[in-house]
Trainee: 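Got a structure for you, questions after.
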Amino acid sequence: MPRMKAIAAAVQILQREGVRHAFGVPGAAINPFYAALRERGAIDHVLARHVEAAAHMAEGYTRTRAGNIGVCVGTSGPAGTDMITGLYSAAADSIPILCITGQAPTARLHKEDFQAVDIAAIAKPVTKLATTVLEPAQVPGAFQQAFHLMRSGRPGPVLIDLPFDVQLAEIAFDIDTYEPLPVHQPAATRPQIDKALDMLAAAERPLIVAGGGIINADADELLVEFAELVDVPVIPTLMGWGAIPDDHRLMAGMAGLQTAQRYGNANLLASDLVLGIGNRWANRHTGGLDTYTRGRRFIHVDIEPTQIGRVFAPDLGIVSDAGAALEAFVAAARERQAAGRLPDRSAWVEECQERKRTMLRRTHFDDVPIKPQRVYEEMNRAFGKDTRYVSTIGLSQIAGGQFLHVYRPRHWINAGQAGPLGWTLPAALGVCVADPEATVVALSGDYDFQFLIEELAVGAQFNLPYLHVVVNNSYLGLIRQAQRAFDIDYCVQLSFDNVNSSEVGGYGVDHVKVAEGLGCKALRVREPGEILPAFEEARKLMAEFRVPVVVEIILERVTNISMGTELDNVVEFEELALRGEDAPTALGALDLDEMQFLD
Ligand SMILES: Cc1ncc(C[n+]2csc(CCOP(=O)(O)OP(=O)(O)O)c2C)c(N)n1
Ligand SMILES: [Mg+2]
C-alpha cells in the first residue's frame with residue numbers, strides 16, 4: 001500500500017470524485033492542502049478576495065451543471081466562519097458544495113489556540129455533515145462519506161475540517177482501490193404514481209408546481225414530456241424556473257408574493273389540484289396558506305421524507321427523487337394515453353394561456369431617470385435564450401423574476417431561500433468557471449453589488465468575462481419599500497455627494513471608477529435609449545478584454561415593485577399593460593384589441 005500524507009490522499013479523492021476546480025483563500029493552517037494541490041496539479045484554484053465569496057463561487061459552480069460539486073477552501077478560524085453564509089445558502093437551496101477548512105493542531109484544539117474555533121459545531125445546522133477529522137487514517141473515509149452524502153437524497157453541503165497535524169500525518173492509501181460510494185435516491189412506486197394520476201384525472205383544473213428538485217435531478221425534459229402527455233399547465237417555482245421554457249404553451253407563469261407574474265397567481269388560484277414535484281412550498285411562493293390551499297387538493301413529491309407535511313398536509317405525499325418520479329409518471333401516463341384514459345385539458349390550458357397573454361404589467365416607460373421595468377424589457381431584447389442569469393435579492397431580483405424570460409434549466413441561478421447580499425458577483429464568477437462558453441448576465445441592485453465588489457478583481461485576474469447589470473437606485477430599495485409599513489425611510493439611503501465624482505450626482509459610490517480600479521470595464525447609462533447600445537458595447541469589451549463588464553443603470557430613486565402578502569392581494573404600484581406596446585417583450589402574442597377587451 002502506498003504511503004502518503006493524509007492530505008495528499010484527500011486531494012486524490014477529490015480528483016477521483018470529479019473535482020476540477022476549487023475556490024479559496026490560503027492561510028497557515030490549510031497550507032498543507034495547498035502544497036498537496038500544487039503537487040498533484042489536477043485541480044485549478046481560483047483565489048477569492050473574501051472567503052465568503054469563495055463559498056458563493058462554489059455554489060455558482062455547482063448550480064451551473066448537473067453533477068458539479070463546487071469546492072471552497074479556507075484556513076482555520078475566520079475563513080470557516082466567513083463561509084458559513086455560503087453553507088447556509090447552499091443548504092437552504094439543496095445545493096451540494098464541499099467546504100474544506102484548516103484547523104489548529106489536534107493537541108492544541110482546547111487551548112484557545114490562534115484561529116482555533118469549533119467550526120464543525122458552528123456549521124452543523126447548515127450542512128448535511130460537518131466534522132473535524134481527528135484521526136489521519138479517517139481522512140479518506142471522511143471525503144468518501146462527504147461525496148456520498150452530498151449526492152444522496154436531498155442534496156446539500158458538507159464541511160470537512162482538517163487539523164494541521166492530521167493533514168501532514170502519513171497514512172497508507174491507494175487511490176486505485178478507492179471507489180465512490182453508491183448514491184441513494186428513493187423512487188416512487190407504481191401504486192403511488194397510479195394514485196397521483198387518478199387524482200390528476202379527477203381534477204378539472206390541475207397544475208404542476210415544478211421545484212428546484214427537478215433541476216437538481218436533471219429532469220427538466222421528463223417534466224416537459226409528462227406535462228405535454230397529460231396536457232397540464234406548469235407553474236415553476238423560483239428554484240425551478242427554466243425547467244419548462246417560458247414560451248412553452250404549458251408554462252403558466254410563476255406564482256408568489258414577489259417573483260411572480262399576475263397570470264401565474266391567477267392561474268394557481270383558478271386551479272383545483274396542484275401536483276408539486278421537487279418543491280418545498282416556500283412561503284414567498286405560497287403566501288398565506290389559507291389562500292393558497294383553499295379549494296384545491298395537493299400531491300407532494302419530494303426526495304426528503306421529512307419535507308412531506310412540513311408546511312401543510314398534502315392529500316397525497318410521495319417520497320421520491322424528482323427524476324425517478326417523472327420517469328414513472330411518463331411511463332404510466334403513456335399507458336393511460338394508449339388506453340384513451342387521459343382527459344381533454346384543452347379548455348383549461350387555453351384559459352391559462354389567455355391569462356398569460358393578457359394579465360401583464362407595463363414595462364415600457366420612457367422616463368429619465370429610468371424606471372426599472374424598462375431595464376428588464378431591454379434585457380429581454382438584448383439577451384438570448386442561452387443566457388445564464390445570476391441574481392440574489394432586492395427589488396432588482398424581484399423585478400427580474402417578474403419580467404425576464406428563462407428558457408433552460410440552470411439559466412436562472414439564484415440564492416432563493418437565503419438571499420445573502422453580495423452573492424451575485426461571486427456566484428456569477430463560479431458560473432463562468434463552470435461554463436466558460438456561456439453568456440453570463442448578473443443582475444444586482446447597487447447594494448448587493450457593493451457587498452462583495454472586490455471580487456471583480458478575481459474576474460479580471462482569472463479572465464472570467466461576464467456582464468453585470470447594476471440597477472442603481474442609491475437605496476436599499478426592497479427594505480425602503482418594506483419600511484412603508486412603518487412609515488419610515490430610515491437607514492436605507494445609499495446616497496451622498498461623492499467628493500471625487502461629482503458626475504454621480506448624489507448617488508454616492510462611483511461604481512464605474514471602482515470597477516475600473518479593480519481591473520474591469522464599466523459603462524454608465526442614464527437614458528432608456530442608451531441601454532441596448534451599452535449591452536452591445538459590453539459584449540465587445542468582454543470579448544476584447546476577457547474581464548467582467550459592469551453596466552450601471554441609473555434608476556429613479558423610488559420605484560415600488562409589485563408584491564403582497566397573499567396570492568390574491570399583490571399590490572400593483574404602476575398602471576398595468578393596457579396595450580401590446582406597454583409590454584412589448586412579454587411572452588404570448590399581445591393583441592391590442594384583446595388587451596383593451598380584457599381591461
Ligand atoms: C446579508 C444581508 N443583509 C441584509 C439583507 C436584507 N436586504 C434584502 S434586500 C436589501 C437591500 C438591497 O438593496 P439593493 O441591492 O440596492 O437592491 P434594490 O432593492 O435597491 O434593488 C437588504 C438590506 C439581506 N438580504 N442580506
Ligand atoms: Mg438599490
Side-chain angles (χ1 to χ4, degrees), residues 50-53 55-56 59 81-93 126 238 257-259 282-284 369-376 379 389-404 414-428 442-456 468-486 488-496 498 504-511 514-515 524-525 550-563 573-574:
H50 189 305
V51 204
E52 177 182 346
H56 299 328
E59 286 187 74
T81 55
D82 277 349
M83 289 190 280
I84 293 296
T85 302
L87 291 171
Y88 159 41
S89 121
D93 287 345
V126 291
L238 188 65
L257 304 181
Q258 297 179 330
T259 50
N283 64 307
R284 289 192 179 187
I370 297 168
K371 285 182 92 65
Q373 292 85 348
R374 178 65 185 267
V375 176
Y376 307 103
M379 288 173 76
Y389 287 115
V390 185
S391 194
T392 307
I393 189 133
L395 292 183
S396 44
Q397 173 251 8
I398 293 169
Q402 295 178 2
F403 295 113
L404 292 177
N414 190 181
Q417 201 252 73
L421 283 170
W423 190 90
T424 310
L425 202 170
L443 170 62
S444 287
D446 43 326
Y447 200 48
D448 174 49
F449 185 59
Q450 288 170 20
F451 244 68
L452 286 169
I453 196 168
E454 75 291 334
E455 303 304 313
L456 281 176
H468 206 134
V469 179
V470 178
V471 283
N472 184 359
N473 52 17
S474 194
Y475 250 121
L476 278 59
L478 176 58
I479 309 308
R480 177 203 54 72
Q481 185 169 334
Q483 287 190 351
R484 294 168 78 244
F486 300 87
I488 57 169
D489 183 317
Y490 184 58
C491 305
V492 289
Q493 305 223 7
L494 295 167
S495 51
F496 60 90
N498 185 326
V504 300
Y507 271 55
V509 173
D510 185 336
H511 297 110
V514 178
R524 180 175 292 129
V525 171
V550 177
V551 175
E552 182 195 38
I553 299 173
I554 305 295
L555 297 184
E556 69 176 359
R557 294 214 50 217
V558 174
T559 315
N560 294 313
I561 296 293
S562 314
M563 62 183 83
F573 295 92
E574 307 283 351

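Quick note: residue numbers are just sequence positions, from 1. Note that ligands are numbered from 1 as they come in the structure, with each ligand's atoms numbered from 1 the same way.
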Trainee: Quick check: does D448 have an N/O/S atom under 2.8 Å of the Mg ion (ligand 2)?
Mentor: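 It does not; every qualifying atom lies at 2.8 Å or beyond.
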Trainee: Would the distance check show the side chain of Q402 and the main-chain N or O of S562 forming a donor-acceptor pair, the cut-off being under 3.5 Å?
Mentor: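 Answer holds: yes.
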Trainee: Would you please test N414 and T259 for side-chain contact (heavy atoms from CB on, under 4.5 Å) and show each step?
Mentor: CA-CA 11 Å; N414 190 181; T259 50; 5.6 Å; no
Trainee: For ligand 1, what is the set of protein residues having any non-hydrogen atom at a distance below 4.0 Å?
Mentor: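 Lining ligand 1: I393, G394, L395, S396, G419, L421, G445, D446, Y447, D448, F451, N473, Y475, L476, G477, L478, I479.
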Trainee: With a 3.5 Å distance limit and no angle check, can you tell me whether Q397 reaches the backbone of T392 through a side-chain donor-acceptor pair?
Mentor: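 Yes.
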Trainee: Please assess F449 against V509 for the test side-chain contact (heavy atoms from CB on, under 4.5 Å), listing each intermediate value before the final yes or no.
Mentor: CA-CA 11 Å; F449 185 59; V509 173; over 6 Å; no
Trainee: With heavy-atom distances below 4.5 Å as the criterion, would you say the side chains of L425 and F451 are in contact?
Mentor: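 No, their side chains stay 4.5 Å or more apart.
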Trainee: Search all heavy atoms of R557 against all heavy atoms of L494 and return the closest pair with its distance.
Mentor: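 The answer is NH2-N, 4.4 Å.
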Trainee: Measure across A91 and V126 and return the closest heavy-atom pair with its distance rounded to 0.1 Å.
Mentor: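 It is CB-O, 3.3 Å.
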Trainee: For the Mg ion (ligand 2), find the closest N/O/S atom on D446 and give its atom name.
Mentor: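 Minimum-distance N/O/S atom of D446 relative to the Mg ion (ligand 2) is OD1.
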Trainee: Counting backbone and side chain alike, does S396 bring an N/O/S atom below 2.8 Å of the Mg ion (ligand 2)?
Mentor: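 No N, O or S atom of S396 is closer than 2.8 Å to the Mg ion (ligand 2), so no.
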Trainee: Does either side chain, that of S444 or that of H468, offer a donor lying less than 3.5 Å from an acceptor on the other one?
Mentor: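 The criterion, which ignores hydrogens and geometry beyond distance, is satisfied for H468 and S444.
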Trainee: Please state whether the separation between the Mg ion (ligand 2) and some N/O/S atom of N473 is under 2.8 Å?
Mentor: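 Checking the Mg ion (ligand 2) against N473, an N, O or S atom does fall under 2.8 Å.
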